[in-house]
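Predicted model only: the values in this text are computed from it and were never measured. Hydrogens, waters and symmetry mates are skipped; everything else that's a heavy atom, side chains included, is used.
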Amino acid sequence: MKKRLNITIEENLLDKIKTYADQNDKSISSLVEEHFEALIKPKPKLKNGMSLVEYMKSLPKSKVDYPEGYNYKEEIYKERAKKYGFEDLL
């Protein structure tokens, strides 16, 4: 069952929301409902309850110390050329 909700927002924001709703063939009520559903939807967590950002920050830094001027892309191209037999084209 749906219930009525009154909200108060700035007039210029309401005008923008109305324009957006018209352009996307939606009602303002459906936009608000979708937003609220997204807010309360549980976020997927990784092991130990970490978020993806926390997990990425916890990963160890790369220990590879490339010399100055090292072009890893060029090295990849050379290795692939050798692997597939077209190194004479480089």
Taking the side chain as every heavy atom from C-beta outward, state whether L59 and M56 have any pair of such atoms under 4.5 Å apart. yes
Nearest heavy-atom contact between S27 and A21 is C-CB, 4.4 Å
Show the nearest heavy-atom pair for residues E54 and M50, with the distance to one decimal. OE1-CA, 3.3 Å
Can we say K82 and E79 salt-bridge, meaning some charged N sits less than 4.0 Å from an Asp/Glu carboxylate O? yes
Full working for side chain to side chain contact (heavy atoms under 4.5 Å, CB included) between D15 and Y20: CA-CA 9 Å; D15 293 338; Y20 178 85; over 6 Å; no
Say you draw a straight line from CD of E34 to CD of E37; how long is it, rounded to the nearest 0.5 Å? 7.0 Å
So, do L14 and I28 sit near enough that their side-chain heavy atoms are less than 4.5 Å apart? yes
The residue among K3, K26, K2 that forms salt bridge (charged side-chain N to carboxylate O under 4.0 Å, His left out) with E33 is K2
Do L31 and N24 come close enough that some side-chain heavy atom pair is under 4.5 Å? no
Non-hydrogen side-chain atoms of N71 and Y77 separated by less than 4.5 Å: no
Distance col, row S29:OG vs R4:CZ, nearest 0.5 angstrom, shows 8.5 Å
In this structure, CD of E74 is separated from CD1 of I76 (nearest 0.5 Å) by 11.0 Å
Which pair of non-hydrogen atoms, one from E75 and one from Y70, has the smallest distance, and what is that distance? CG-OH, 3.3 Å
